[in-house]
Amino acid sequence: MDLFDDLHLQADAAPTPIAPGAVLLHGFARDGAPALLQAVESVLQQAPLRHLQTPGGYTMSVAMSNCGALGWVSSASGYRYSACDPPSNQPWPAMPACLLELAQRAASQAGYPLFAPDACLINEYVPGAKLSLHQDKDELDLRAPIVSLSLGLPAVFLFGTPSRKDRPQRYRLVHGDVVVWGGPSRLAYHGVNALADGEHALLGRRRLNLTFRCVGLKQ
Ligand code: MD3
Ligand code: FE
């Protein structure tokens with residue numbers, strides 16, 4: 001954590017356009033974070049975080065869970081969206097209203113007033129955890145944006161283009177930041193650098209990232 005997090009300067013900044021269709025809403029969720037965190041914790045009690053296997057045979061350093069009608073899962077045999085949490089074979093917990101409303105308010109502010117996500121992937125990073133460059137393209141309706149909410153320790157987010165060859169730009173995402181990724185940005189390569197060590201007043205030694213998605217119920 002640095003001095004500026006405590007001074008609340010970033011939250012007062014005007015939205016930063018990251019790329020066509022992508023906008024960073026500084027501190028959009030900061031005041032509501034304690035209630036949002038409580039809702040996330042209740043989801044995680046029902047569907048605990050776990051380290052998934054990748055089809056390439058690795059174990060992900062980021063721990064994951066989901067809420068909503070569909071959740072993202074990965075195993076040695078591939079990745080997909082699923083209506084059930086594989087270990088329990090139970091439906092994912094419902095998306096808490098406060099989380100859905102936050103995602104809809106952010107999407108609306110970014111020019112997507114009809115955002116109706118049916119999936120929310122919850123990522124937990126501890127120091128050292130990272131997410132390699134990838135695209136999210138398994139959702140059926142690519143016209144819908146993805147909304148991301150960052151809580152806890154700051155992260156360096158890498159944002160490229162739809163071509164893997166282009167060198168990504170770096171953005172610092174801090175507690176309470178919300179980003180809406182739509183339009184031409186929707187298929188951009190992106191990732192997260194290894195989380196630096198630190199201690200966050202509300203979350204401790206970790207970062208949570210929630211991504212709200214319109215997957216389409218047909219999967
Ligand atoms: C840009 N999560 O879960 S959030 C993911 O911080 C993921 O945990 C990262 O990438 C995290 O798939 C980044 C920001 C984000 C999410 C999805 C995007 C940016 C995106 C999809 C398309 C373009
Ligand atoms: Fe992603």
Side-chain angles (χ1 to χ4, degrees), residues 15-26 28-29 40 43-44 49-52 54-55 60-68 70-74 79-82 92 99 102-103 106-107 110 112 115 117-164 166 168-196 200 203 206-215:
T16 301
I18 288 187
V23 62
L24 166 49
L25 306 173
H26 298 276
F28 188 82
V40 176
V43 166
L44 297 179
L49 290 162
R50 79 294 306 258
H51 294 272
L52 298 169
T54 68
M60 297 185 77
S61 59
V62 176
M64 296 180 170
S65 184
N66 295 275
C67 60
L70 291 167
W72 190 84
V73 293
S74 179
Y79 52 80
R80 64 194 167 92
Y81 283 96
S82 164
W92 297 104
L99 292 173
L102 175 95
Y112 299 94
F115 185 58
D118 54 9
C120 173
L121 172 60
I122 303 167
N123 293 340
E124 184 199 55
Y125 298 75
V126 297
K130 65 183 172 70
L131 197 60
S132 311
L133 273 190
H134 66 278
Q135 287 174 297
D136 293 57
K137 55 181 182 185
D138 293 328
E139 301 77 22
L140 290 181
D141 183 2
L142 291 174
R143 291 167 308 180
I146 288 181
V147 174
S148 79
L149 162 66
S150 292
L151 296 171
L153 290 177
V156 174
F157 174 73
L158 305 172
F159 186 68
T161 70
S163 166
R164 192 187 261 287
D166 291 332
Q169 294 179 267
R170 291 151 175 265
Y171 292 90
R172 190 160 180 273
L173 295 180
V174 306
H175 179 69
D177 282 352
V178 174
V179 192
V180 181
W181 315 87
S185 296
R186 182 63 181 76
L187 289 176
Y189 275 91
H190 58 276
V192 180
N193 275 356
L195 195 77
H200 187 271
L203 281 97
R206 64 193 173 125
R207 166 179 188 255
L208 289 174
N209 180 269
L210 277 66
T211 43
F212 300 88
R213 302 150 185 258
C214 296
V215 174

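As the structure is a computational prediction, the values presented were derived from the model and not from experiment. Start at 1 and go down the list; that is how both ligands and their atoms are numbered.
- At least one heavy atom of R207 sits closer than 4.0 Å to an atom of ligand 1.
- Set against the non-hydrogen atoms of S148, the atoms of ligand 1 under 4.0 Å away are 4 (S), 14 (C).
- Nearest protein heavy-atom contact of atom 4 (S) of ligand 1 is N209 OD1, 3.4 Å.
- When non-hydrogen atoms are compared, ligand 1 lies under 4.0 Å from neither the backbone nor the side chain of Q135.
- Residue L173 holds its CG atom at 11.5 Å from CG of L151, rounded to the nearest 0.5 Å.
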Go through the steps for Y125 and L153 under the test side chain to side chain contact (heavy atoms under 4.5 Å, CB included), then give the verdict. CA-CA 9 Å; Y125 298 75; L153 290 177; over 6 Å; no

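- Atoms CG and NE2, from L131 and H190 in turn, are 7.0 Å apart once rounded to the nearest 0.5 Å.
- Across every non-hydrogen atom of H51 and S61, the tightest pair is CE1-O, 3.2 Å.
- Qualifying side-chain contact (heavy atoms from CB on, under 4.5 Å) partners for C214, counting only residues two or more places apart in sequence or in other chains: F115, A144.
- For atom 23 (C) of ligand 1, the closest non-hydrogen atom on the protein side is S185 O, 3.4 Å.
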* Evaluate side chain to side chain contact (heavy atoms under 4.5 Å, CB included) for L99 paired with F212, printing each intermediate quantity in order. => CA-CA 9 Å; L99 292 173; F212 300 88; 4.0 Å; yes

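- Ligand-side atoms of ligand 1 in range of R213: 3 (O), 5 (C), 12 (O), range being under 4.0 angstrom from any heavy atom.
- With respect to atom 13 (C) of ligand 1, the closest heavy atom belonging to the protein is F157 CE1, 3.5 Å.
- With values rounded to the nearest 0.5 angstrom, Y171 atom OH is found 13.0 Å from D177 atom CG.
- R50 places a side-chain N or O within 3.5 Å of a backbone atom of M64 that can act as its donor or acceptor partner.
- Shortest contact from atom 17 (C) of ligand 1 to any protein heavy atom: H190 NE2, 3.5 Å.
- Sorted by first and then second residue, the salt bridge (charged side-chain N to carboxylate O under 4.0 Å, His left out) pairs involving residues 142-157 (not counting sequence neighbours) are D141-R143.
- V192 counts as a contact of ligand 1, since one of its heavy atoms falls under 4.0 Å from the ligand.
- With hydrogens and angles disregarded, no donor-acceptor distance shorter than 3.5 Å links the side chain of D136 to the backbone of L187.
- Looking at every heavy atom in both residues, H26 comes nearest to T16 through NE2-OG1, 2.5 Å.
- Less than 4.0 angstrom separates some heavy atom of L121 from each of these atoms of ligand 1: 3 (O).
- Annotation for W92 and S65: closest pair CZ3-OG, 4.0 Å, computed over non-hydrogen atoms.
- Per-residue contacts place T211 under 4.0 angstrom from the following atoms of ligand 1 (heavy atoms of the residue considered): 3 (O), 4 (S), 16 (C).
- Taking 4.0 Å as the cut-off, W72 does not count as a neighbour of ligand 1 on heavy-atom distance.
- Relative to atom 7 (C) of ligand 1, the option among V180, L131, I146 with the closest non-hydrogen atom is L131.
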Check your understanding: Checking side chain to side chain contact (heavy atoms under 4.5 Å, CB included) for the pair L25/V23: CA distance, chi angles, key distance, verdict?
Key -> CA-CA 6 Å; L25 306 173; V23 62; 4.2 Å; yes

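- Protein heavy atom in closest approach to atom 8 (O) of ligand 1: Y125 OH, 2.6 Å.
- Around the Fe ion (ligand 2), protein N, O or S atoms at less than 2.8 Å comprise H134 NE2, D136 OD1, H190 NE2.
- W181 is linked by a ring-ring contact (aromatic ring centres under 6.0 Å, His included) to F157, F159, counting only residues two or more places apart in sequence or in another chain.
- Polar contact check, N123 against ligand 1: a nitrogen or oxygen pair lies under 3.5 Å apart.
- Set against the non-hydrogen atoms of R186, the atoms of ligand 1 under 4.0 Å away are 22 (C), 23 (C).
- Closest protein heavy atom to atom 14 (C) of ligand 1: W181 NE1, 3.4 Å.
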